[in-house]
Amino acid sequence: MQPNDIELISQVLAGNVREFARLVDKYKNLAYTLAFRVVNNREDAEEVMQDSFVKAYRSLKDFRKESKFSTWLFRIVYNTAVSKKRLKKYDNQSIDDISVSKEIALSREPDNEMLEDRKALLEKAMQMLTEDDRVLITLYYAEECTVEEINKVTGLSRSNIKVRLFRARKKLHEWMATASEKTCV
Amino acid sequence: MEEMFINDDELKRLIKTEGLLTAPPESTGRIMEMITLEEMKPAAVYKPLLGKKAWVLLTSGAVLLAAISWIALSTTGGTGLHMPDFINRLTGNLQNVNFSINISNHTLQLIAFAMANIGLLIGFDLLLHHKHRKYNL
């Protein structure tokens with residue numbers, strides 16, 4: 001039986017540092033995705049993810065177990081990514097930006113072309129959204145966070161989260177529906 | 001709202017399965033390396049401003065000066081306090097002691113006060129040293 005996050009944290013705090021690798025393995029993809037949704041750049045997302053895990057390790061003794069470890073970790077990732085973005089002052093990229101397709105191409109596993117198309121389509125649709133909306137959608141759908149948990153991660157108010165989620169979902173649906181129609185034609 | 005999100009489950013499935021990016025496979029190793037390096041870094045140690053010897057010396061000096069000034073005041077009636085007999089006897093004997101340096105009682109008091117403050121600060125410094133023997137920056 002796999003130990004849960006709290007058990008793993010207890011082991012790490014007891015001196016079994018290696019156990020932290022299991023937490024990293026478990027959450028690295030989500031942390032990486034979340035960081036990417038903010039910084040919009042693969043290299044920086046990787047750096048943010050690494051820094052966040054190191055920060056989380058350093059502060060592990062301060063984790064009060066009142067919330068889920070993932071929520072706590074994603075808050076660190078989100079804050080680190082926002083700080084990184086502020087520092088680098090990223091330019092807003094349009095959805096036609098070549099780097100987007102580059103990022104998608106890099107993350108491809110060339111086994112199913114159709115699947116890859118949907119992936120690319122989704123990625124383009126995500127690029128239509130604002131940075132905050134991308135984060136909200138990722139947390140809401142990928143991590144299945146509740147509004148309460150998203151509030152803990154991003155610091156946005158509950159009502160703001162609900163409104164933004166509604167609009168972002170609407171935008172995604174509309175954009176993907178239009179794109180699918182075009183593809184079919 | 002329901003009409004608008006007929007395919008919400010599909011979108012959720014799509015984001016869960018295809019919306020997640022894959023972190024580089026070597027990232028776990030790199031993170032663990034960074035953590036191991038962090039562990040190996042010597043922990044910063046709080047260094048007291050003065051050593052234990054200096055602390056003892058200064059505190060003794062402060063106590064001595066405080067005692068001298070108090071005795072000097074009490075023998076001249078400056079404190080206005082009624083002392084127990086044995087102290088009176090002691091100060092009586094001390095009255096016969098001639099200090100080679102002529103320092104006024106108030107100056108002595110001031111010096112003692114300053115020394116006591118130094119003692120307090122060094123004591124606080126020592127307390128910090130014990131409390132934060134090791135901490136990570």
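In this text, all values refer to a predicted model and were calculated from it rather than measured experimentally. Numbers restart at 1 for each chain; the letters A, B, ... are given by sequence-line order, proteins then strands.
L156(A) and V163(A) are members of different hydrophobic clusters when ILVMFWY side chains are connected at heavy-atom separations under 4.5 Å. No continuous path of ILVMFWY side-chain contacts below 4.5 Å connects L121(B) to L57(B), so the two sit in separate hydrophobic clusters. Grouping the Ile, Leu, Val, Met, Phe, Trp and Tyr side chains by contacts below 4.5 angstrom, directly or via other members, places V17(A) with L13(A).
Expressed to the nearest 0.5 Å, how far CD of E123(A) lies from CG of L21(B) amounts to 5.5 Å. Distance check: T28(B) OG1 to F20(A) CZ gives 10.5 Å after rounding to the nearest 0.5 Å.
Evaluation of the side chain to side chain donor-acceptor pair (under 3.5 Å) rule for R30(B) yields E46(A), E26(B) as partners, not counting sequence neighbours. In terms of the side chain to side chain donor-acceptor pair (under 3.5 Å) criterion, residue partners of E19(A) (sequence neighbours excluded) are, by chain and number, R22(A).
Heavy-atom neighbours of F69(A) CZ from other residues, nucleotides or ligands within 6.0 Å: above the threshold of 12. Within a 6.0 Å sphere centred on NZ of K16(B), other residues, nucleotides and ligands contribute more than 12 heavy atoms.
Per-residue counts of heavy-atom pairs under 4.5 Å with chain B were compared for D51(A), I137(A), V24(A); the largest is that of V24(A). Comparing R37(A), M49(A), Q50(A), E143(A) by heavy-atom pairs within less than 4.5 Å of chain B, the highest count is held by Q50(A).
Side-chain contact check for T138(A) versus I15(B): every heavy-atom pair is 4.5 Å or farther apart.
The minimum heavy-atom distance linking S27(B) with K28(A) is given by the pair OG-CD, 3.6 Å.
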Working for side chain to side chain contact (heavy atoms under 4.5 Å, CB included), residues T36(B) and R18(A):
CA-CA 9 Å; T36(B) 315; R18(A) 290 274 126 208; 3.5 Å; yes
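Of the two parts of Y57(A), only the side chain, counted from C-beta on, holds a non-hydrogen atom closer than 4.5 Å to a non-hydrogen atom of chain B. Of the two parts of L30(A), the backbone and the side chain both hold a non-hydrogen atom closer than 4.5 Å to a non-hydrogen atom of chain B.
A side-chain donor-acceptor contact under 3.5 Å links N29(A) to the backbone of A23(B).
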